[in-house]
Amino acid sequence: MGVLEGMALIEEAWFSLQKTGAATYALAATVIVLAISWLIGIWKHEQEEKLPPHIPSTIPFLGQAISFGQSPIEFLLAAYEKYGPVFRVAYDVPNPVFLEQKKIFKTGLCIARFREHVHMIEEETVNYFKRWGESGEKNLFVAMSELVILTASRCLHGKEIRAMLDERMAQLYMDLDGGFTAQAWLLPGWLPLPSFRKRDKAHLEVKRIFHQVIKKRRESDQSEDDMLQTILDATYKSHTSSTTSTWLLFFLARHKDIQDRVFEEQKRLCKVGSQWQPLDYDVLKDMQLLDRCLKETLRLRPPIMTMMRMCKAPQKVLGYTIPPGHQVCVSPTTNHRLPDTWKDVDQFRPDRFLDPDVANSEKFAYIPFGAGRHRCIGESFAYVQIKTLVATMLRTYEFHLVDGYFPEVDFTTMIHTPKHPVIRYRPRQDS
């Protein structure tokens, strides 16, 4: 209710009171005085605080949720063009605890560990693709989901968890991701939706597996040199890599000329005579074209479509005030497609990153892993993991689209998963 509407109701009530008894008159008059004080407070708030523009809707409760769910990026880009960069439509732990947790994880995600991880990821990748044979067509996203879980587990979770992993475990992680939807943001988690039930069942099973391993480790006198041990010693990641690596390979399959250039870069850096040399961290860092391809993939298909936080205290953003209790949503995908920052926004152009300042032309213009204190601490590991996976795969196979089909984005989850991600592969002739 606005101030004018409130004053009109008070005026109407005042005339009605003149027909009542003295006691009722006094009580109601007190209520009216309090109401006027409340409205004055609202008026002062409206004068002092400039709220973001509101996108109207004729649908009760749901508002613009349906439009957003059907085509979220188009919705956000249209809203940006009409209303500007701010418009209306959770931190899990206190900040000091969060910072302590982040410090612990950074200890386990350091360059010294990454140097060990490269060899593990390469070995897992070579072994995994032995089952593919020389040529064929496969669901690339399923394969990358399985492989990312296997390699992440080998590097981060420890040998016990890795020994337990198979395709079933990968499916559990996919079910967890399947519950990360707009419905999970808008609706209560106890609703019996299929994606919610799968998510909760997978969560309990993954928890049970880790509980068994942690319990056995704590009961033994042995200490392992892995991420799990780092967390346990402190007493106190990432499935989205499968999505990014899948999209990267599809972009390379669509742009065969760039795929050939990436392979030539590999030959130059890793091949001595007719022999391929094992990958290592320093060589991986030198793969600058592959690095630019990964960055461009993350621009067009960042792992998370939107990032939400609950506003705990009034926040000033570009002259607007975000009130406490409001959900704040930032969309990396939208930021990465704003025409006033990026050229040819829909084109896969890795060499745009030859300009070191292209991602910094505007603050937060490029945020595939978030920004600020809550920037993903697994970003460096993700780069090592994905570049090792793709480099190893490109040594073995050429990748092609099946009948020219390039996947559409599945917007049913908040992660940019591809629809029908079947890709064609054949042995690389010049390897």
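We number each residue from 1, following the sequence as shown.
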Exercise for the section: Could you point out which residue of Q259, K267, R261 forms a side chain to side chain contact (heavy atoms under 4.5 Å, CB included) with F263? Expected result: K267
Handout entry: Heavy-atom pair of closest approach, residues I423 and L249
Key = CD1-O, 4.1 Å
Handout entry: Atom pair CG/CH2 of L300 and W247 - distance to nearest 0.5 Å
Key = 10.0 Å
Practice task
State, yes or no, whether a side-chain contact exists between L284 and E122 at a heavy-atom distance under 4.5 Å.
Solution key: no
Practice task
Identify, with sequence neighbours excluded, every residue that meets side-chain hydrogen bond (donor to acceptor under 3.5 Å, both in side chains) alongside D403.
Solution key: none
Problem - Stepwise side-chain contact (heavy atoms from CB on, under 4.5 Å) test for V390 and V262 - result: CA-CA 10 Å; V390 174; V262 172; 5.7 Å; no
Problem - Pairwise distance OG1(T125) to CG(L147) - rounded to 0.5 angstrom - result: 4.5 Å
Handout entry: Gap between atom OG1 of T388 and atom NE2 of H117 - 0.5 Å precision
Key = 10.5 Å
Handout entry: NE2 (H203) with more than 12 external heavy atoms under 6.0 Å
Key = no
Problem - Smallest separation among heavy atoms of R424 and L401, with atom names - result: NH1-O, 4.1 Å
Practice task
Look at the side chain of R428 and the backbone N and O of M393, then say whether any donor-acceptor pair between them is shorter than 3.5 Å.
Solution key: no
Handout entry: S331 (side chain) donor-acceptor with M305 (main chain) under 3.5 angstrom
Key = yes
Exercise for the section: For residues C270 and R395, determine if any side-chain heavy atom of one lies less than 4.5 Å from a side-chain heavy atom of the other. Expected result: yes
Practice task
Tell me, please, which residues at least two apart from Y405 pass ring pair (Phe, Tyr, Trp, His ring centres under 6.0 Å).
Solution key: none
Exercise for the section: Mind checking the CZ-CZ spacing from R254 to F250? Nearest 0.5 Å is all I need. Expected result: 10.5 Å
Practice task
Examine distances only and state if a side-chain atom of R352 and a backbone atom of K343 form a donor-acceptor pair shorter than 3.5 Å.
Solution key: yes
Exercise for the section: For H400, check side-chain hydrogen bond (donor to acceptor under 3.5 Å, both in side chains) against everything at least two apart and list the hits. Expected result: E398, R426
Handout entry: Salt bridge D291-K295, side-chain N to carboxylate O under 4.0 Å
Key = yes
Problem - Given E123, E124, Q385, the one that forms side-chain hydrogen bond (donor to acceptor under 3.5 Å, both in side chains) with T151 - result: Q385
Problem - Residues, nucleotides or ligands: over 12 heavy atoms within 6.0 Å of K256 NZ - result: yes
Practice task
Take L279 and I121, measure what side-chain contact (heavy atoms from CB on, under 4.5 Å) needs, and give me the verdict at the end.
Solution key: CA-CA 10 Å; L279 291 172; I121 297 170; over 6 Å; no
Completion exercise
Correct closest heavy-atom pair for P324 and P314 would be CG-CD, 3.6 Å
Practice task
Rounded to the nearest 0.5 Å, what's the gap from OG1 on T297 to CD1 on I386? Could you check?
Solution key: 9.0 Å
Fill in the blank from the handout: The ring pair (Phe, Tyr, Trp, His ring centres under 6.0 Å) partners of Y425 (sequence neighbours excluded) come to W132, Y397
Handout entry: Sidechain-backbone polar pair: H336 side chain, I367 backbone, donor-acceptor under 3.5 Å
Key = yes
Handout entry: Within-4.5 Å side-chain heavy-atom neighbours: L204 and R208
Key = no
Problem - Residues, nucleotides or ligands: over 12 heavy atoms within 6.0 Å of E408 CD - result: no
Problem - Donor-acceptor contact present, side-chain D351 to main-chain L354, <3.5 Å - result: no
Exercise for the section: Could you tell me which non-hydrogen atom of T306 sits nearest to which non-hydrogen atom of P332, and how far apart they are? Expected result: CA-CD, 4.3 Å
Practice task
Please determine which of T244, T333, V409 meets the side chain to side chain contact (heavy atoms under 4.5 Å, CB included) test together with R301.
Solution key: V409
Practice task
Flag the pair Y383 / L298 as yes when at least one side-chain heavy-atom distance between them is below 4.5 Å, and no otherwise.
Solution key: yes
Handout entry: Donor-acceptor contact present, side-chain R337 to main-chain D346, <3.5 Å
Key = no
Exercise for the section: Using a strict cut-off of less than 4.0 Å between a Lys/Arg side-chain nitrogen and an Asp/Glu carboxylate oxygen, indicate whether R292 and E265 qualify as a salt bridge. Expected result: no
Exercise for the section: For residues P303 and T243, determine if any side-chain heavy atom of one lies less than 4.5 Å from a side-chain heavy atom of the other. Expected result: no
Practice task
Given side-chain contact (heavy atoms from CB on, under 4.5 Å), test V358 with Y366 step by step and report yes or no.
Solution key: CA-CA 9 Å; V358 67; Y366 185 70; over 6 Å; no
Handout entry: D410: partners by side-chain hydrogen bond (donor to acceptor under 3.5 Å, both in side chains), with sequence neighbours left out
Key = T412
Fill in the blank from the handout: With sequence neighbours left out, the residues meeting ring pair (Phe, Tyr, Trp, His ring centres under 6.0 Å) with F251 are F348, F406
Fill in the blank from the handout: Correct closest heavy-atom pair for D286 and L269 would be O-CD1, 3.6 Å
Exercise for the section: To the nearest 0.5 angstrom, please state how far the NE2 atom of H326 sits from the CD atom of Q315. Expected result: 13.0 Å
Problem - Working for side-chain contact (heavy atoms from CB on, under 4.5 Å), residues L252 and I258 - result: CA-CA 6 Å; L252 293 179; I258 300 178; 3.9 Å; yes
Handout entry: Minimum-distance pair of heavy atoms, taken over all atoms of P407 and P418
Key = CB-CB, 3.7 Å
